[in-house]
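Heads up, the thing below is written out as structure tokens.
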Amino acid sequence: MRAVVVHGPGDVRVDERARPVPGAGEVLLALEWGGICGSDIAYWKKGASGTAALAHPLVLGHEFAGRVAALGNGVTGLREGQPVTVHPAQLVGDGVLPDRIAGRTNLYPRVRYFGSAAFDPHTDGGFSEYRAVPATQVRPLPDGVGTEQGALAEPLAVALHAVGRAPELRGRTVLVNGCGPIGSLVVAAARYRGAGRVVAADLASSSLAVARAMGADETRDLSAGEGLPEDVDVVFEASGAPAALGPVLRATARGGTLVQVGNLPGTAVAAALGDLVTREITWIGSYRFVEEIDEALLALRDGLDVTPLITHRFPLERAEEALAVAADPGSGSSKVMLRLAADMPGTPEAAAASASAATVL
């Protein structure tokens, strides 16, 4: 089979690897679609994502979906040909957490994540034609949800988790600062959870167009000098830019809530934080997700449309080009998808790929 493998900074290849065989309790998936995330770009560009650095080649990808190709011994409840996606996290150890964070498995200190170099040996991801995964991590797709949509259940789960970290949103005004793929999904998740009005802000007009398509009532183009709104009940900071912290705190209403979704640097930065105290703002972090991927699949079933997020599709053999487009702020990209299967006749995804072939395939 073919797999997208990063060998070091700037060195990504489509390698030939042996097709895996599912062991006891595992499922072999024939993969169809994968979504490129910021961590995939970081491994490609820098050979590291956060504190996780490459010690040897790694198959990229933690957003992916496909169909069951074979069942290992002891696996029940799944069938060959069934469309599925995958929860990419697996706890390492006994899984016991302190009472204060009971059930919040995203905060467990040792977690293997698909497409991550955090452990050695690394945990290969799903940008490949086949992948054997534990059956406990497989999530069947609801009727009517295709595998391209299913590959985006993971980032949608991140957005739903972030929205769940805030107080009840029903009827409230919400601001989302930073409208990359996660920010735009936060727009959709806030709308799904009943937000009364959603304002989206970004420096890029292309990102704001996606946010509007994902449900934003109003957009603010920060590059054109448009400022953030004032006195917003709940603010989601999804840019991860330290320079944004002062303005988003100022935009948050007195006694309001700021949810930090974008990853901030692990090094010292300058930021204006005075309003955190004087306006008694509750500043909450949001990290990955717990089991919100199940809610994400239900939301997709119920009509939450993630397709406006998808701006580019590439076949697996053009993975390096796809990564470059996803990494280029000037490309106008939002979510860049990899078609992992060579042929998917008769599926909605194949029709979409064919329709867009002139520009991205």
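Small disclaimer: the values here were computed from a predicted structure and weren't measured.
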For [X], look at atom [atom1] and say whether over 12 heavy atoms of other residues, nucleotides or ligands are found less than 6.0 Å away.
X	atom1	result
N263	CG	no
Y287	OH	no
E168	CD	yes

How long is the span from the [atom1] atom in [X] to the [atom2] atom in [Y], to the nearest 0.5 Å?
X	Y	atom1	atom2	value
R220	L175	CZ	CG	8.5 Å
T311	M337	OG1	CE	10.5 Å
L297	L304	CG	CG	11.5 Å
E63	S39	CD	OG	8.0 Å
S207	R212	OG	CZ	10.5 Å
I293	H87	CD1	NE2	6.0 Å

Do [Y] and [X] meet the salt-bridge criterion of a basic N to acidic O distance under 4.0 Å?
X	Y	result
D233	R197	no
E154	R139	no
R193	E295	yes

Could you report the tightest heavy-atom contact between [X] and [Y], atom names first, then the distance?
X	Y	answer
A326	I36	CB-CG2, 3.9 Å
R301	D143	CG-O, 4.2 Å
G183	A238	CA-CB, 3.8 Å
A211	V187	O-CG1, 3.8 Å
A118	Y43	N-OH, 4.4 Å
A69	E80	O-CD, 3.6 Å

Practice task
Step by step, work out the side-chain contact (heavy atoms from CB on, under 4.5 Å) result for L29 and V68.
Solution key: CA-CA 5 Å; L29 303 182; V68 174; 4.2 Å; yes
Side chains of [X] and [Y] in contact at under 4.5 Å (non-hydrogen atoms):
X	Y	value
D15	H7	yes
L31	T147	no
L245	V269	no
W283	T252	no
D94	Y108	yes
M1	P20	yes
R191	D217	yes
L28	E26	no

Would a distance-only check, ignoring hydrogens and angles, find a side-chain to backbone donor-acceptor pair under 3.5 Å from [X] to [Y]?
X	Y	answer
R104	L97	no
S333	V325	yes
Q82	R79	yes
T219	A200	no
E226	D221	yes
T85	F64	yes
H122	D124	no
H312	A322	no
E237	G240	yes

Linking I/L/V/M/F/W/Y whenever any side-chain heavy atoms sit under 4.5 Å apart, do [X] and [Y] land together?
X	Y	answer
F127	V14	yes
V27	V86	yes
V248	V259	no
L58	I41	yes
V176	L228	no

Practice task
Apply the salt bridge (Lys or Arg N to Asp or Glu O under 4.0 Å) test between E129 and each candidate in R17, R19, R2; give the one that qualifies.
Solution key: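 Among R17, R19, R2, the one that satisfies the salt bridge (Lys or Arg N to Asp or Glu O under 4.0 Å) with E129 is R2.
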Handout entry: Distance-only side-chain donor-acceptor flag, S286 / R165, under 3.5 Å
Key =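 Distance-only check fails for S286 and R165.
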Practice task
Examine the side chains of H62 and D40 and answer whether a donor and an acceptor come within less than 3.5 Å of each other.
Solution key: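 Their side chains do not contain a donor-acceptor pair, so the 3.5 Å distance test is not met.
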Exercise for the section: Assess R288 against Y113: is NZ or CZ under 6.0 Å from the centre of the six-membered ring, and within 45 degrees of the ring's axis? Expected result: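 Judged by the rule, R288 and Y113 form a cation-pi pair.
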Practice task
Report the C-alpha separation of H56 and D120 in whole Å, then their side-chain angles, then the decisive distance to 0.1 Å, and conclude whether the side chain to side chain donor-acceptor pair (under 3.5 Å) test is met.
Solution key: CA-CA 9 Å; H56 48 78; D120 191 3; 2.9 Å; yes
Problem - Check against side-chain contact (heavy atoms from CB on, under 4.5 Å), L249 and R279 - result: CA-CA 9 Å; L249 284 166; R279 300 167 75 86; over 6 Å; no
Handout entry: V174 and V232: CA distance, side-chain angles, deciding distance, side-chain contact (heavy atoms from CB on, under 4.5 Å) verdict
Key = CA-CA 6 Å; V174 168; V232 180; 5.5 Å; no
Practice task
Let me see the working for W33 and L152 under side-chain contact (heavy atoms from CB on, under 4.5 Å), right down to the final yes or no.
Solution key: CA-CA 9 Å; W33 288 101; L152 296 181; over 6 Å; no
